[in-house]
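Notes for the one structure printed next.
Keep in mind that the numbers below use all heavy atoms, side chains included, and drop hydrogens, waters and symmetry copies. Source: prediction; values computed, not measured. In what follows, chains carry the letters A, B, and so on, assigned in the order in which the sequence lines appear, proteins first and then strands, with residues in each chain numbered from 1.
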Amino acid sequence: MLSLKFIQENKQDVIEKLKIKNFDASQIVESILQKDEERKKTQKEQDDILAHINSVSREIGDLFKSGKADEANQAKEKSTSLKQDVKGLTEKLSQLEIELHDLLVQIPNIPHVSVPAGKGAEDNENIKEGGEMPQLANGAEPHWDLAKKYDIIDFELGVKITGAGFPVYKGKGAKLQRALINFFLDENEKAGFSEIMPPLVVNEASGFGTGQLPDKEGQMYHVGIDNLYLIPTAEVPVTNLYRDVILNAKDFPVKNTAYSACFRREAGSYGKDVRGLNRLHQFDKVEVVALEHPDKSYAMLDAMVKHVEGLVQKLNLPYRILRLCGGDMSFTSALTFDFEVYAAAQKKWLEVSSVSNFESYQANRLKLRFKEEGQKKPQLAHTLNGSALALPRIVAALLENNQTPEGIKIPDCLVDFCGFDMIK
RNA sequence: GGAGAAAUGGCAGAGUGGUCGAAUGCGGUAGUCUUGAAAACUAUUGUACCGCAAGGUACCGGGGGUUCGAAUCCCUCUUUCUCCGCCA
């Protein structure tokens, strides 16, 4: 969430910039400022009374010590009546704090100046294309048919044991998953991201820290009996490692990578674009997460985009990089670049990575701060993350683009990890 | 799952009803000394909110209660440790 102070100091700017995200903040900003005034006033009243009670209590102590019990008992009555006054104020104050917080949480992150206006995916800015488009023979098959033909991914079996969107990978299909995970982790490690293997379930505080809660509650699987959530991405546990942490400025940059299974309910997205591996409830992804000094977070974003581009290039997939428009960006992001690869048989661009700078938006929820050398006040860090990479759509594109009459060719960079160079 | 013990500042650890935001040690920072470093010595060293400031308020695992007053007493939840049981 945005910090209250920032909203107070940049009121008009906040309202203007959020228009890019098609969000009308004028009213909510107004109520926030008003609510905060009321909060301050109430807290001041409360603090004054508490200060009074404290001083009376100290007097009582002294009076008892010096044996003046009568005066002490008089003072006691006074203190009791003050306590009555403070009780109502305390309730009012905590109510105000809850209301203020509920309002703050409703404001999305401010988009970076470079974010184009727009309503949806069609308005994203195509900033770069790379790789070669494969020339497939007539009768090229989409990956769901290839998966069946070579018996490497079984969608029906997944339905039987769990449900739609939970595929079963078999034989070389399973090995290919493992190979991709290892390849990505190794590449990320080489780029300076140190590896984390996080829990796949998180508590409520973590869901809140990265912004999945409260607004995207329906997107996560919830284990009701223990009140835990299955992670939709490793971003959640990894970023939350740094919740309530005050870093030293010289600790930057902090760079982590993590493989995890990801779980998404994808409620409401049935029907379109969900065939085969295009959209799943459970999938594998390797994530990169970075914490950086506010002055350097955009340089880090560029570096991360470059790194992800390198991965896609090594896999020899045709790709494009999009700068997301205001309407297509996530609630929490300030600037996002999406990577899409081309799956030549279904003739579709598939999103395989999303690299974002959240600036201090997540950090404010996480209370992730840092101290500058010689400065007393901690300030909010910047957080960034990106997929490097999400597996299913990479697999979809690999299968489709690399199909030959002899079988499916494995890209060179994966052969050592797989132990085979063709799926036949 | 059963029984018992515990949770205090970056860490270790004192504090069982009043001047305790909290002793002491270690660590960190600044300084003195030194050619430099180490050692020694001196000072300083939590977070948030209100306030121009002085200062005030809150926080001793979380929540609630008793009391004029709670780190300290009571209830409750969570977590950790020890023992027993079960188990990859």
Side-chain angles (χ1 to χ4, degrees), chain A residues 1-9 32-105 197 199-209 213 223-229 237 240-252 254 261 291 360 363-381:
Chain A
M1 60 187 176
L2 298 177
S3 74
L4 185 58
K5 204 172 162 205
F6 182 83
I7 295 172
Q8 281 164 342
E9 286 167 2
I32 284 171
L33 297 182
Q34 198 190 322
K35 200 59 88 181
D36 187 52
E37 279 310 309
E38 212 181 326
R39 192 208 103 237
K40 278 185 199 172
K41 194 173 142 257
T42 310
Q43 189 180 337
K44 181 86 179 98
E45 281 177 52
Q46 187 197 240
D47 283 358
D48 287 347
I49 296 177
L50 285 175
H52 201 160
I53 291 177
N54 285 343
S55 80
V56 170
S57 296
R58 248 169 268 143
E59 276 171 38
I60 292 172
D62 291 341
L63 288 170
F64 271 122
K65 267 183 201 161
S66 51
K68 297 173 184 161
D70 285 353
E71 286 178 49
N73 284 321
Q74 264 178 4
K76 264 195 195 180
E77 277 170 39
K78 189 173 173 189
S79 183
T80 309
S81 81
L82 284 170
K83 213 181 146 189
Q84 289 302 317
D85 297 344
V86 90
K87 204 171 174 187
L89 285 172
T90 307
E91 274 164 27
K92 187 177 168 193
L93 186 62
S94 61
Q95 187 56 39
L96 281 169
E97 276 166 356
I98 290 168
E99 287 170 18
L100 187 58
H101 185 259
D102 285 350
L103 287 171
L104 279 170
V105 154
M197 189 178 261
L200 304 181
V201 262
V202 293
N203 57 28
E204 222 170 321
S206 296
F208 180 79
L213 298 176
V223 186
I225 194 166
D226 292 309
N227 195 24
L228 296 170
Y229 294 86
N240 273 284
L241 296 176
Y242 304 96
R243 172 151 47 85
D244 289 319
V245 166
I246 300 179
L247 294 164
N248 206 309
K250 63 181 182 239
D251 296 335
F252 289 131
V254 175
L291 316 179
S360 61
N364 191 33
R365 287 190 172 202
L366 291 160
K367 302 240 180 314
L368 164 55
R369 292 165 295 172
F370 72 97
K371 264 189 194 167
E372 201 87 67
E373 190 84 25
Q375 275 187 10
K376 233 180 129 92
K377 267 267 174 208
Q379 47 179 317
L380 294 170

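Atom CZ in A/Phe64 sits about 15 Å away from atom P in B/rU19, given to the nearest Å. Here B/rG62 presents its P atom at 18 Å from CD of A/Glu204, a figure rounded to the nearest Å. Look at CD1 on A/Ile53: it is 7 Å from P on B/rG69, rounded to the nearest Å.
Pair check for B/rA5 finds B/rU80; Watson-Crick or G-U wobble, both atom distances under 3.5 Å. B/rA40 is paired with B/rU32 under the Watson-Crick or G-U wobble criterion, all donor-acceptor distances under 3.5 Å. The base-pairing partner of B/rG18, taking Watson-Crick or G-U wobble contacts with both distances under 3.5 Å, is B/rC68. The partner of B/rC59 is B/rG46, by the rule that a Watson-Crick or G-U pair needs both atom distances under 3.5 Å. Partner assigned to B/rA12 is B/rU24, using Watson-Crick or G-U wobble distances below 3.5 angstrom.
Nucleotides B/rA6 and B/rC73 place their P atoms 11 Å apart, quoted to the nearest Å. The C1' atoms of B/rA43 and B/rG36 are separated by 23 Å, rounded to the nearest whole Å. Annotation: B/rC41 and B/rU24 have their P atoms spaced 15 Å apart (nearest Å). B/rU79 sits 27 Å from B/rG25 when the C1' atoms are compared, rounded to a whole Å. Rounded to the nearest Å, the gap between the C1' atom of B/rC20 and that of B/rU8 is 12 Å. Remark: the separation of the P atoms in B/rG15 and B/rA7 is 11 Å, to the nearest Å. Nucleotides B/rA38 and B/rG51, compared at atom P, are 44 Å apart to the nearest Å. Nucleotides B/rG9 and B/rA22 are separated by 9 Å at their C1' atoms, to the nearest Å.
Going from atom CG of A/Asp47 over to atom NZ of A/Lys40 covers 13.5 Å, rounded to the nearest 0.5 Å. With rounding to the nearest 0.5 Å, the separation of CD in A/Glu71 from CD1 in A/Ile60 is 11.5 Å. Expressed to the nearest 0.5 Å, how far OG1 of A/Thr42 lies from NZ of A/Lys35 amounts to 10.0 Å.
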When the side chains of residues 73-91 of chain A are checked against the rest of the protein, which donor-acceptor pairs come out under 3.5 Å, sequence neighbours left out?
from, atom 1, to, atom 2, distance (Å)
A/Asn73, ND2, A/Ala69, O, 3.2
A/Thr80, OG1, A/Lys76, O, 2.8
A/Ser81, OG, A/Lys78, O, 3.0
A/Thr90, OG1, A/Gln46, OE1, 3.0
A/Thr90, OG1, A/Val86, O, 2.8

Derivation of the side-chain contact (heavy atoms from CB on, under 4.5 Å) call for A/Val245 and A/Leu366 | CA-CA 8 Å; A/Val245 166; A/Leu366 291 160; over 6 Å; no
May I have the step-by-step check of side-chain contact (heavy atoms from CB on, under 4.5 Å) for A/Leu2 and A/Leu104, ending in yes or no?
-> CA-CA 7 Å; A/Leu2 298 177; A/Leu104 279 170; 5.6 Å; no
I would like to know whether A/Leu93 and A/Glu45 meet side-chain contact (heavy atoms from CB on, under 4.5 Å); could you show each step before the answer?
-> CA-CA 10 Å; A/Leu93 186 62; A/Glu45 281 177 52; over 6 Å; no
Between A/Asp36 and A/Arg39, is a side-chain contact (heavy atoms from CB on, under 4.5 Å) present by the stated rule, with each step listed?
-> CA-CA 5 Å; A/Asp36 187 52; A/Arg39 192 208 103 237; 2.2 Å; yes
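Within the 4.5 Å cutoff, side-chain heavy atoms of A/Arg365 are placed close to those of A/Val105. No side-chain heavy atom of A/Val202 sits less than 4.5 Å from a side-chain heavy atom of A/Asn240.
Residues satisfying the side-chain contact (heavy atoms from CB on, under 4.5 Å) test with A/Asn364, not counting sequence neighbours, are A/Met1, A/Ser3, A/Leu380.
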If the sugar-phosphate is the primed atoms plus P, OP1 and OP2 and the base is the rest, what is the B/S/- string for nucleotides 46-61 of chain B, using protein heavy atoms under 4.0 Å?
-> SSSBS-----BSS---
All N/O pairs under 3.5 Å across the protein-nucleotides 78-81 of chain B interface:
none

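Applying the ring-ring contact (aromatic ring centres under 6.0 Å, His included) rule to pairs touching residues 61-105 of chain A yields A/His101-A/Phe208, sequence neighbours excluded.
Listed in residue order, the members of residues 79-87 of chain A having a heavy atom less than 4.0 Å from RNA chain B are A/Ser79, A/Thr80, A/Lys83.
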